[in-house]
2 protein chains.
Amino acid sequence: MSNQDIQLTVDAVVFGYESVPRISVLLIKRKYEPFKDSWAIPGGFVLNEESLEDAVYRELKEETGVEIGYLEQLYTFGKPGRDPRQRIVSVAYFGLVRPDTYKISAATDAQEVQWFDIHDLPELAFDHAEILETAIKRLRAKITYEPIGFELLEERFLFSDLENLYKTLLGREIDRRNFRKKIMSLGMLNELDEKVSKGAGRPANLFQFDKKRYFQLKEEGIVFEI
Amino acid sequence: MSNQDIQLTVDAVVFGYESVPRISVLLIKRKYEPFKDSWAIPGGFVLNEESLEDAVYRELKEETGVEIGYLEQLYTFGKPGRDPRQRIVSVAYFGLVRPDTYKISAATDAQEVQWFDIHDLPELAFDHAEILETAIKRLRAKITYEPIGFELLEERFLFSDLENLYKTLLGREIDRRNFRKKIMSLGMLNELDEKVSKGAGRPANLFQFDKKRYFQLKEEGIVFEI
DNA sequence: GCAAAAGTGTTACAATTACACCCATGT
DNA sequence: ACATGGGTGTAATTGTAACACTTTTGC
């Protein structure tokens, strides 16, 4: 009927955030040809009876041990020749994980898995550089109009963490006062009654993103926007 | 290596605009099972050596005669069971055509091809209702932050056409004066020295979208936004 | 001369930006 | 007491929203 010899894979571009601060991405070192020993985005073939999302979760778990918190479809890459052996079309996803997951997987170093600063990347296999670039663009754009930044922070976080995340990701200075006013005026953050000291300086309050409230507000047509 | 029996297709959700006004979408009536005689989004199998985009252009041309002006990837649909016979993953695209193309293809009615008002749709085959819904959402969202509306109008158009397009697509009234001020302040439209009369009322000026200027402004960080 | 659509400005209000000092803690 | 990061308010500017009358044509 269609005389096709096209294979289907999924790839997962997973980002993390450390308060160094840096945005990092999870890569694996390939064990087999082609591109043996090159770094690559984790991923693999989709099984006959599993959904694309299931395939991403499975591959990611198998290859890196990471369980993802936030995941969305990014783009489908299908140029002939992107894999030197055969025609492979890959549905790329883009995901975010919290620092706790982050540390665990960096420790689970049995396989060759590593977090890389997105500003200090190795050469990548296949067209993975392009995929990664697409994902970074999406991430940067998306934190300004959807509250996905919180998926990169611990559940309870300092306001300064949020601020630094935005500064790092947007690559520019942010006015602390205005940023705080804006975020607070959205009414999606709960201020907790707990303070944390980072060793130096005045202890800071912990905050929590209120997902329920966010969806309520979204219903009412109020949109997240920085 | 991967024991896959997944087939890959592309689908093209193509929108047009008539100054009735209505937004319409191009559908075909299926000739074969499954869903024989149902309406469906045009599309088909990707050939082994062609890119996904090439496949969309080809299928669309073959099935509807339409040559697309604007095309972008929409989303990839891959749930098992979306095709009753076999596992098929479909990369959906979303496209826009100008009214001239529009009329030609509506006339080229040899095959069962038809434009449907997006508010008056037939039952659709497979999961095509979901695909179409995704595409409509994207279109609605996108005209507010990218100048793709112009791809639905003739190259030279009346300001009122643009206004009606936005009114129709956004489904709400627009203040004519504010809309004009805003669009004009972007500096992406050329006002031509030609007037057109629509039978009744004062003749209106023709306008043209200045793509070069748009890309210049985009470089400078000025963004289109309504 | 009247019906129909095009064209145009001003004012009130809301949102955004710019900007600097005091506070609470650890050492 | 000083170094460090946390927390806060106001004024100027800019952008957005609301609003109605005049102009040009066809009939």
Side-chain angles (χ1 to χ4, degrees), chain A residues 17-21 143-145 147 153-154 156-168 170-208 217 220-226, chain B residues 18-21 143-145 153-154 156-168 170-208 217 220-226:
Chain A
Y17 173 69
E18 283 171 296
S19 39
V20 174
I143 53 153
T144 69
Y145 63 87
L153 301 174
E154 319 238 22
R156 302 147 84 243
F157 53 87
L158 303 179
F159 208 92
S160 57
D161 290 335
L162 186 64
E163 199 188 301
N164 284 320
L165 170 61
Y166 273 83
K167 254 200 310 216
T168 308
L170 300 178
R172 56 178 164 85
E173 285 308 302
I174 289 178
D175 183 286
R176 283 198 307 139
R177 281 175 286 190
N178 293 341
F179 182 73
R180 189 166 181 133
K181 244 183 298 174
K182 196 149 177 189
I183 294 276
M184 282 313 182
S185 72
L186 294 170
M188 298 167 185
L189 284 197
N190 296 328
E191 185 162 3
L192 304 177
D193 273 343
E194 198 174 337
K195 291 193 201 303
V196 163
S197 175
K198 282 216 280 190
R202 174 175 174 175
N205 229 307
L206 281 171
F207 290 83
Q208 201 167 22
L217 290 167
E220 296 167 25
I222 291 159
V223 292
F224 180 90
E225 203 195 331
I226 300 299
Chain B
E18 283 171 296
S19 39
V20 173
I143 53 154
T144 70
Y145 64 88
L153 300 173
E154 318 239 20
R156 301 147 84 242
F157 54 86
L158 303 179
F159 208 91
S160 56
D161 290 336
L162 185 64
E163 199 188 300
N164 284 320
L165 170 60
Y166 274 83
K167 255 200 310 217
T168 308
L170 300 179
R172 56 177 165 85
E173 286 307 301
I174 290 177
D175 183 287
R176 283 198 306 137
R177 281 174 287 190
N178 292 340
F179 182 73
R180 187 166 182 136
K181 245 182 295 173
K182 197 150 176 189
I183 294 276
M184 282 312 181
S185 72
L186 295 169
M188 297 168 185
L189 285 196
N190 296 328
E191 184 162 5
L192 305 178
D193 273 342
E194 198 173 338
K195 293 192 198 305
V196 163
S197 176
K198 281 216 278 188
R202 175 173 173 176
N205 229 306
L206 281 171
F207 289 82
Q208 202 167 19
L217 291 167
E220 295 167 24
I222 291 159
V223 292
F224 180 90
E225 203 194 332
I226 299 301

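Proteins come first, then strands; the chains are lettered A, B, ... in the order of their sequence lines, and each starts at number 1. The structure displayed is predicted, hence computed values, not measured ones.
Among residues two or more places apart in sequence or in another chain, the side chain to side chain contact (heavy atoms under 4.5 Å, CB included) test is passed with A/Tyr145 by A/Ala141, A/Lys142. A/Glu18 is linked by a side-chain hydrogen bond (donor to acceptor under 3.5 Å, both in side chains) to A/Arg22, A/Tyr102, counting only residues two or more places apart in sequence or in another chain. In terms of the ring-ring contact (aromatic ring centres under 6.0 Å, His included) criterion, B/Phe224 has no residue partners (sequence neighbours excluded). With sequence neighbours excluded, the residues satisfying ring-ring contact (aromatic ring centres under 6.0 Å, His included) with B/Phe157 are B/Phe150.
Identified under the side chain to side chain donor-acceptor pair (under 3.5 Å) test for residues 181-195 of chain B, with sequence neighbours left out: B/Arg156-B/Glu194, B/Asn178-B/Lys181, B/Asn190-B/Asp210, B/Glu191-B/Asn205.
Atoms CD (B/Glu173) and P (D/dA18) sit 12 Å apart, rounded to a whole Å. Atom-to-atom, NZ of A/Lys198 to C1' of D/dG7 comes out at 15 Å; the value is rounded to the nearest Å. The distance between atom CD1 of A/Ile222 and atom P of C/dA15, rounded to the nearest whole Å, is 11 Å. The nearest whole Å value for the distance from the CZ atom in A/Phe159 to the P atom in D/dT8 is 10 Å. In this structure, B/Phe179 atom CZ and D/dC19 atom P are separated by 20 Å, rounded to whole Å. Distance, A/Ile183 CD1 to D/dG7 P: 14 Å, rounded to whole Å. Atom CG of B/Leu158 and atom P of D/dT24 are 18 Å apart (whole Å). Straight-line distance from the CZ atom of B/Arg180 to the C1' atom of D/dA18: 19 Å, rounded to whole Å.
OP1 or OP2 of C/dA6 lies within a sub-4.0 Å distance of a side-chain N or O belonging to B/Ser160.
With A/Tyr17 contributing its side chain and A/Leu165 its backbone, the two residues share a donor-acceptor pair below 3.5 Å.
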Inset, instruction - Determine, for nucleotides 17-27 of chain C in 5'-to-3' order, which nucleotides have protein heavy atoms under 4.0 Å from the base (write B), from only the sugar-phosphate (write S), or from neither (write -). - result: BBBB--BBBS-
